[in-house]
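One structure below.
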Protein chains: 2
Amino acid sequence: MENPRDIFIAHLRRKGLFLTRERRLILEAIFSLRKHFDFDELYDTVKKRVGRVSRATIYRTIPLLIDSGLIRDVFRGTSGTQYEQVRGLEHHDHLLCVSCGSYIEFKDERIERAQQEVCKKHGFVSVDHKLGIRGYCRKCALIKRVKA
Amino acid sequence: MENPRDIFIAHLRRKGLFLTRERRLILEAIFSLRKHFDFDELYDTVKKRVGRVSRATIYRTIPLLIDSGLIRDVFRGTSGTQYEQVRGLEHHDHLLCVSCGSYIEFKDERIERAQQEVCKKHGFVSVDHKLGIRGYCRKCALIKRVKA
DNA sequence: ATTGAGATTGAGACTAAGTATCTATTAGAG
DNA sequence: CTCTAATAGATACTTAGTCTCAATCTCAAT
Ligand SMILES: [Zn+2]
Ligand SMILES: [Zn+2]
Ligand SMILES: [Zn+2]
Ligand SMILES: [Zn+2]
């Protein structure tokens with residue numbers, strides 16, 4: 001039951017929903033994409049494979065996939081939400097280069113643990129969290145320094 | 001020179017811009033608002049005080065205030081960006097209740113320090129960061145438990 | 001105080017992400 | 001196979017935020 005398709009079906013069942021052709025194709029399309037993707041990439045991929053799909057269907061399916069734990073939304077930039085495949089991957093946070101748009105993933109146990117403590121101290125029940133550090137990646141930082 | 005108005009003027013000067021009546025009024029309006037606010041609250045407040053202001057002017061002024069370090073944008077929810085006054089306050093991060101919309105501010109030095117180390121390890125030059133933990137505040141967590 | 005170049009405003013057109021609505025179609029239980 | 005609820009597609013709609021441009025304002029230089 002670690003198969004994404006089975007996970008998805010199980011989640012749909014639980015909510016009394018069907019695994020339709022479209023939902024299956026959207027799920028498959030996601031796994032043909034790079035790990036981080038946005039709406040348009042998903043939309044274009046599905047369209048290329050099926051010929052026709054409604055934007056609304058994609059928008060309706062995304063929350064189902066999020067609730068299934070198969071993807072998550074990572075950032076919300078100026079041009080729409082960025083998603084990423086979860087694929088059994090561990091939770092992680094991001095370094096985001098504001099210059100070239102690249103990102104680095106990281107996970108720091110000290111940060112994760114400290115967050116739990118913060119929540120505990122405030123009687124707060126955490127559901128999820130996002131830590132995004134914006135700045136300049138090694139390459140862009142170098143370029144910037146050369147220019148300056 | 002710690003006066004917000006002076007900080008703002010200095011920033012404008014540096015960029016060859018004027019402190020216009022509108023910009024001054026927007027700045028003043030912000031200080032009459034609670035610490036966290038969104039576009040509409042700012043817009044309505046300015047309008048109430050001056051009678052007329054263009055949405056575009058507010059939108060044009062916000063980045064100037066951000067660049068001046070007087071406000072910062074905190075989240076981007078479903079309904080627009082949330083800003084907060086900085087007012088010489090220390091940087092902090094947020095616990096966000098998904099049930100009642102309240103937030104708790106916190107700062108954890110261990111987290112801040114660990115972030116610096118992560119950046120260093122990746123040759124990443126950090127500009128800023130946002131850590132948002134979503135979940136249920138004490139009160140809402142209790143209500144949820146009672147219901148369940 | 002006047003003036004002129006450049007900055008700024010207001011109004012509204014525009015863009016684009018995401019949602020809502022409606023009708024025809026489909027999934028799947030019985 | 002049949003029936004019903006769920007669904008997809010098409011498209012209208014909503015809304016945060018940007019862009020445009022003519023009219024107006026700012027302020028430094030006279
Ligand atoms: Zn984390
Ligand atoms: Zn990632
Ligand atoms: Zn922080
Ligand atoms: Zn805050």
Side-chain angles (χ1 to χ4, degrees), chain A residues 5-6 8-29 36-68 71-83, chain B residues 5-6 8-29 36-68 71-83:
Chain A
R5 187 187 153 120
D6 293 339
F8 195 29
I9 291 176
H11 177 73
L12 294 172
R13 281 267 161 75
R14 225 175 305 130
K15 303 193 80 172
L17 307 175
F18 306 149
L19 177 66
T20 61
R21 194 181 86 105
E22 286 75 12
R23 285 178 185 155
R24 184 173 41 77
L25 289 165
I26 291 167
L27 180 65
E28 285 166 12
H36 291 75
F37 62 92
D38 60 23
F39 175 85
D40 286 325
E41 290 172 276
L42 180 54
Y43 179 49
D44 293 344
T45 304
V46 176
K47 229 176 22 182
K48 209 177 298 168
R49 295 178 151 221
V50 209
R52 191 180 55 160
V53 71
S54 165
R55 287 163 35 82
T57 300
I58 307 275
Y59 273 121
R60 281 187 291 233
T61 305
I62 285 172
L64 296 174
L65 290 162
I66 290 175
D67 292 346
S68 306
I71 65 176
R72 67 172 188 135
D73 87 87
V74 191
F75 318 110
R76 184 148 164 195
T78 40
S79 55
T81 303
Q82 291 277 331
Y83 306 93
Chain B
R5 187 186 152 119
D6 293 339
F8 195 30
I9 292 176
H11 177 73
L12 293 172
R13 281 268 161 72
R14 225 175 305 129
K15 303 193 80 171
L17 307 175
F18 306 148
L19 178 66
T20 61
R21 193 181 87 104
E22 286 77 11
R23 285 176 185 157
R24 184 173 41 78
L25 289 165
I26 291 166
L27 181 66
E28 285 166 13
H36 291 76
F37 62 93
D38 61 23
F39 176 84
D40 286 325
E41 289 173 276
L42 180 53
Y43 179 49
D44 293 344
T45 304
V46 176
K47 227 175 24 180
K48 208 177 300 170
R49 294 178 153 223
V50 209
R52 193 180 53 159
V53 71
S54 165
R55 286 164 33 85
T57 301
I58 308 272
Y59 273 120
R60 282 187 290 232
T61 305
I62 284 170
L64 296 174
L65 290 162
I66 291 174
D67 291 347
S68 306
I71 65 177
R72 69 172 187 134
D73 87 87
V74 191
F75 319 109
R76 184 149 164 196
T78 41
S79 56
T81 303
Q82 290 277 329
Y83 306 95

Discussion item. Testing D67(B), L19(B), T20(B) one by one against L12(B) for a side chain to side chain contact (heavy atoms under 4.5 Å, CB included), which residue passes?
Written reply: L19(B)
Worksheet item: Please walk me through it: do F37(B) and I71(B) pass side chain to side chain contact (heavy atoms under 4.5 Å, CB included)?
Response: CA-CA 10 Å; F37(B) 62 93; I71(B) 65 177; 4.1 Å; yes
Practice prompt. Measure from the side chain of T57(A), starting at C-beta and using heavy atoms only, and say which of dA8(D), dT7(D), dA7(C) lies closest.
Written response: dA8(D)
Worksheet item: Given atom CG of L17(A) and atom P of dT26(C), what is their separation to the nearest angstrom?
Response: 19 Å
Fill in: Length of the CG-P vector between L12(B) and dG6(C), whole Å
20 Å
Worksheet item: Among I26(B), T61(B), L17(B), which residue meets the side chain to side chain contact (heavy atoms under 4.5 Å, CB included) test with F8(B)?
Response: T61(B)
Worksheet item: Is a donor-acceptor contact shorter than 3.5 angstrom present between the side chain of R76(A) and the base of dG18(C)?
Response: no
Worksheet item: Who is the Watson-Crick or G-U wobble partner of dT30(D), with both distances under 3.5 Å?
Response: dA1(C)
Worksheet item: To the side chain of F18(A), which of dA11(C), dA6(D), dA10(D) is closest?
Response: dA6(D)
Worksheet entry | Nearest to side-chain heavy atoms of E22(B), which nucleotide of dT9(C), dG9(D), dA11(C) | dT9(C)
Discussion item. At less than 3.5 Å, do the side-chain atoms of R55(A) and the base atoms of dG18(C) form a donor-acceptor pair?
Written reply: yes
Item to complete: Could you point out which residue of D73(A), L65(A), L42(A) forms a side chain to side chain contact (heavy atoms under 4.5 Å, CB included) with Y83(A)?
Response: D73(A)
Discussion item. Could you tell me how far apart R21(B) (CZ) and dC25(D) (P) are, to the nearest whole angstrom?
Written reply: 10 Å
Fill in: Closest-nucleotide 5' rank along DNA chain C - winner of D40(A) and A56(B)
A56(B)
Practice prompt. Find the distance I58(B):CD1 to dG10(C):P and express it as a whole number of Å.
Written response: 9 Å
Item to complete: Measure the distance from CZ on R24(B) to P on dC27(D) and round it to the nearest whole Å.
Response: 11 Å
Worksheet item: Looking at Y59(B), does any N or O in its side chain come under 4.0 Å of the phosphate oxygens OP1/OP2 on dG17(D)?
Response: yes
Fill in: N or O in side chain of T20(A) less than 4.0 angstrom from dA6(D) OP1/OP2
no
Practice prompt. Give a yes/no on whether any side-chain N or O of R23(B) is located under 4.0 angstrom from OP1 or OP2 of dT8(C).
Written response: yes
Worksheet item: T81(A) side chain N/O closer than 4.0 Å to the phosphate oxygens (OP1, OP2) of dG18(C)?
Response: yes
Fill in: Nucleotide dT7(D), atom C1' - distance to CD1 of I26(A) in whole Å
12 Å
Discussion item. Please report the distance, rounded to the nearest Å, between CG in L19(B) and C1' in dA28(D).
Written reply: 17 Å
Worksheet item: Whole Å only: how far is the CD1 atom of I66(B) from the P atom of dG17(D)?
Response: 10 Å
Worksheet item: Within the structure, does a side-chain N or O atom of R60(B) lie under 4.0 Å from either OP1 or OP2 of dG17(D)?
Response: no
Fill in: Evaluation steps, side chain to side chain contact (heavy atoms under 4.5 Å, CB included), between V53(A) and Y43(A)
CA-CA 8 Å; V53(A) 71; Y43(A) 179 49; 3.8 Å; yes
